Amino acid sequence: MPFGEITITPDDVRKILNLNDHGVAIKYNYIKQLNWEQLYDLCKKCFGWDKETSDIEFNMCFSYKTRQFIMSQLIKMFKGTAEKENQGPLSDAEVDVAATAYLLCVLGCVIFPNASGNRVDANLLQLLHSLNKLAYYSWGTTCLAFLIEELRKASRLRTSQISGNVSLFQTWIYDHYPSMKLADVNTQCEKGTPRGTKYKFTKNRSRTKEKQLVQLKEKLDSTKASEVCFYPYKEDRASGHIAGRSELSHYFGPLWYPTGYVMYNGSRVMRQHGYVQGVPWNHINGKFKLDVEHSQSNQDTIKVIYYGTPYVIDHWDQRMYHLVNTERAVNRGDENAPVYMEWYRR
């Protein structure tokens with residue numbers, strides 16, 4: 001952007017989708033691609049299917065066997081739980097099976113949506129067995145990592161579709177760029193509800209996009225910092241409708257999703273958190289002045305404890321240690337940590 005950098009933070013995901021941004025990294029004990037015997041075993045545990053039934057489902061997506069389920073088929077098989085309960089009490093096993101199918105569709109629609117719109121990776125069953133572990137995962141950071149990875153593909157020449165939670169991306173744009181007037185506000189939205197309910201998604205199917213894209217790029221190229229809302233949750237926080245900003249907004253390091261990770265550098269988007277971005281400022285005679293002498297100072301003065309591919313346990317579990325210094329006392333898990341670069345408010 002003409003005014004500097006801006007990105008989606010874990011705090012944004014918490015406010016827009018109300019997904020947990022703390023908790024266990026999704027990568028723990030997750031195998032990228034299970035072998036067929038492992039998948040058959042998971043299907044038996046989660047859905048009660050034998051090998052033949054599982055094979056039928058794995059062959060439904062295409063003319064060949066694939067590790068995917070069709071979500072509409074899952075819904076058809078397990079819908080109507082309330083009606084079944086009225087006809088007679090369901091066993092705990094039947095409730096768990098229906099809940100697993102429902103949550104698998106949620107993963108395919110909300111957390112890891114793909115371009116097909118109707119298929120979900122069968123390997124995700126690892127996250128749903130057992131169900132009592134679900135509340136402990138950091139779903140917000142997982143959703144964000146997956147979306148960021150998919151957005152990387154958006155600039156490729158022949159890319160016509162992207163995956164990930166695009167509604168999260170749209171709401172974030174509407175919140176931070178109100179001057180562009182890209183969305184209609186939902187007047188029935190109540191304070192305290194997730195920000196994702198604030199807008200009406202009524203303009204997504206426009207077929208005359210070419211001219212609109214040119215106009216949008218021209219607007220973005222001329223955007224000034226004063227036209228951007230860096231802190232869209234300020235009023236709601238001041239009124240007590242939503243909680244304060246999560247410390248993870250200042251986290252520095254990898255965010256995991258099932259098949260990989262993205263690097264999240266909180267120090268490069270400090271303007272969003274009320275701090276000067278890119279260069280330090282000094283307080284002189286009641287005013288803040290740009291420190292030209294140190295304007296090339298390295299912002300990333302954070303001790304990174306991994307080398308090569310980051311390892312979940314060595315980094316995520318000590319995430320409070322990897323926070324950009326925000327002039328607050330933070331327990332980083334290491335009282336002997338080096339002094340970090342001091343940031344000054346404008």
Side-chain angles (χ1 to χ4, degrees), residues 1 3-26 111 137-149 151 164-165 168-169 171-177 192 194-196 198 225 228-257 261-278 280 299-304 310 315-333 337 340-346:
M1 294 295 151
F3 52 81
E5 297 181 53
I6 186 170
T7 190
I8 310 173
T9 68
D11 186 59
D12 290 318
V13 183
R14 181 65 182 266
K15 298 304 179 289
I16 294 172
L17 299 179
N18 199 27
L19 291 175
N20 186 23
D21 56 352
H22 282 272
V24 178
I26 211 75
I111 312 295
Y137 286 121
S138 178
W139 293 111
T141 57
T142 303
C143 182
L144 175 58
F146 186 73
L147 174 61
I148 291 175
E149 179 61 23
L151 288 175
N165 194 316
L168 164 63
F169 187 37
T171 303
W172 178 86
I173 293 171
Y174 299 159
D175 273 344
H176 288 77
Y177 295 86
R195 301 282 289 198
K198 182 180 177 181
V228 180
C229 180
F230 293 95
Y231 195 9
Y233 321 118
K234 185 176 182 179
E235 292 183 5
D236 284 343
R237 283 194 172 114
S239 60
H241 286 286
I242 57 177
R245 181 186 288 120
S246 167
E247 292 285 4
L248 273 180
S249 294
H250 306 286
Y251 167 72
F252 177 98
L255 298 176
W256 279 270
Y257 59 99
Y261 67 92
V262 299
M263 296 306 296
Y264 179 78
N265 188 346
S267 67
R268 298 178 65 184
V269 290
M270 293 301 287
R271 185 191 290 274
Q272 288 173 258
H273 309 308
Y275 294 80
V276 175
Q277 175 192 5
Q299 298 177 56
D300 302 336
T301 53
I302 297 177
K303 182 180 179 182
V304 180
H315 197 99
W316 180 255
D317 284 357
Q318 300 178 43
R319 56 189 175 275
M320 296 306 290
Y321 179 86
H322 300 284
L323 297 178
V324 177
N325 192 327
T326 56
E327 300 182 351
R328 286 173 295 176
V330 177
N331 178 16
R332 299 176 183 275
Y340 291 82
M341 178 178 178
E342 182 178 9
W343 291 91
Y344 295 91
R345 290 190 182 278
R346 185 185 293 273

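Just so it is clear, the structure is predicted and the values come from calculations on it, not from any experiment.
- The distance from the CG atom of Leu168 to the CZ atom of Arg195 is 13.0 Å, given to the nearest 0.5 Å.
- The stretch residues 138-148 participates, sequence neighbours left out, in no salt bridge (charged side-chain N to carboxylate O under 4.0 Å, His left out) pair at all.
- Distance check, rounded to the nearest 0.5 Å: NE2 of His250 to CE of Met320 gives 10.0 Å.
- Scanning both residues, Gly253 and His315, for their nearest heavy atoms gives CA-NE2, 3.6 Å.
- Applying the ring-ring contact (aromatic ring centres under 6.0 Å, His included) test to Tyr137 and every residue at least two apart in sequence or in another chain returns Trp139.
- Listed by chain and residue number, Asp11, Asp12, Ser249, Tyr264, Gln272, His273 satisfy the side chain to side chain contact (heavy atoms under 4.5 Å, CB included) test with Thr9 (two or more places apart in sequence, or in another chain).
- Between Leu19 and Cys143, the shortest heavy-atom contact is CD1-CB, 4.1 Å.
- When all heavy atoms of Leu248 and Arg319 are compared, the closest pair comes out as CD2-CD, 3.9 Å.
- With sequence neighbours excluded, the residues satisfying side-chain hydrogen bond (donor to acceptor under 3.5 Å, both in side chains) with Asp317 are Tyr28.
- Taking Thr171 as the reference, nothing meets the side-chain hydrogen bond (donor to acceptor under 3.5 Å, both in side chains) condition, with sequence neighbours excluded.
- Counting heavy atoms from C-beta on, the side chains of Met263 and Pro254 come closer than 4.5 Å.
- For the side-chain hydrogen bond (donor to acceptor under 3.5 Å, both in side chains) test, residues two or more places apart in sequence or in another chain that qualify with Arg14 are Asp21.
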message: Checking Ile6 against Tyr177 for the side chain to side chain contact (heavy atoms under 4.5 Å, CB included) test, could you report, in this order, the C-alpha distance in whole Å, the side-chain angles of both residues, the deciding distance, and whether it holds?
response: CA-CA 11 Å; Ile6 186 170; Tyr177 295 86; 3.5 Å; yes
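- Put simply, the side chain of Tyr251 does not reach to within 4.5 Å of the side chain of Pro10, judged on heavy atoms.
- With sequence neighbours excluded, the residues satisfying ring-ring contact (aromatic ring centres under 6.0 Å, His included) with Phe230 are Phe3.
- Exactly one residue among Ile148, Leu147, Ile16 makes a side chain to side chain contact (heavy atoms under 4.5 Å, CB included) with Ile8. That residue is Leu147.
- Taken from CZ in Phe252 to CG in Asn265, the straight-line distance is 4.5 Å, to the nearest 0.5 Å.
- Here Thr142 pairs with nothing under the side-chain hydrogen bond (donor to acceptor under 3.5 Å, both in side chains) rule; sequence neighbours left out.
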task: Could you please spell out the steps behind the side chain to side chain contact (heavy atoms under 4.5 Å, CB included) verdict for Tyr257 and Val262?
output: CA-CA 8 Å; Tyr257 59 99; Val262 299; 4.2 Å; yes
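- Of the possible donor and acceptor atoms, one in the side chain of Trp316 sits under 3.5 Å from a partner among the backbone N and O of Gly23.
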